[in-house]
Structure formats: C-alpha cells, structure tokens
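Residue indices begin at 1 and follow the sequence shown.
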Amino acid sequence: MITSKLTSKAQTTIPQPVRAALRLVEGDELAYEIDGGRVILTKVIERGAEDPFGAFAEWSGAADRKAYAKL
C-alpha cells in the first residue's frame, strides 16, 4: 500500500510510484471520482480540437465511436 500525509492546508504529495503509473508531469490535470468510501484518481486526458468527441465527452462511449467510425 502506498500512503502520503495531508498537510494543515489539505495538501499532499502524490507518491512517485503513483506519478509514474499515471505518467504525470507538471501541469497535468487530475480527476477525482468518489465511490463509496474510495476515491479514484485519474489523469485527465485532453482531446485535440480535431477530435469530434472533444467537445461532447458524454458521446465518447465505445458504441458512439463505432457508429461515428462508419461516417
């Protein structure tokens, strides 16, 4: 188990093994999803302007990609 401590300002350092696993670099954006008593931390992946799903994340499921691939 990997741990870190919370400072008095509610800050923490993301441990190196976690940064490596998510391939985090300075300036990356993180997303937090609360699932009961757990929090899932993920790296936000930016999509390019040419990506038709970039503006409509709710349409980025596997079925949507398959449907749009036929266009």
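By the side-chain contact (heavy atoms from CB on, under 4.5 Å) test, Ala20 pairs with Gln16, sequence neighbours left out.
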Please list, one pair per line, the donor and acceptor atoms closer than 3.5 Å that link side chains of residues 1-14 to other protein atoms, with sequence neighbours excluded.
from	atom 1	to	atom 2	distance (Å)
Ser4	OG	Thr12	OG1	2.7
Thr7	OG1	Lys9	N	3.2
Thr7	OG1	Gln11	N	3.1
Thr7	OG1	Gln11	O	3.4
Thr12	OG1	Lys5	O	2.9

For residues 31-38, which side-chain donor-acceptor pairs fall under 3.5 Å, sequence neighbours excluded?
none

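For the salt bridge (charged side-chain N to carboxylate O under 4.0 Å, His left out) condition, the pairs that include at least one residue of residues 15-28, sequence neighbours left out, are Asp28-Lys43.
Summarising the hydrophobic clusters (Ile, Leu, Val, Met, Phe, Trp, Tyr; side-chain heavy atoms under 4.5 Å, direct or chained), the residues clustered with Ile40 are none. Using a 4.5 Å cut-off between side-chain heavy atoms of Ile, Leu, Val, Met, Phe, Trp and Tyr, Val25 forms no hydrophobic cluster with any other residue.
The shortest non-hydrogen separation linking Leu30 to Val44 is C-CG2, 3.8 Å.
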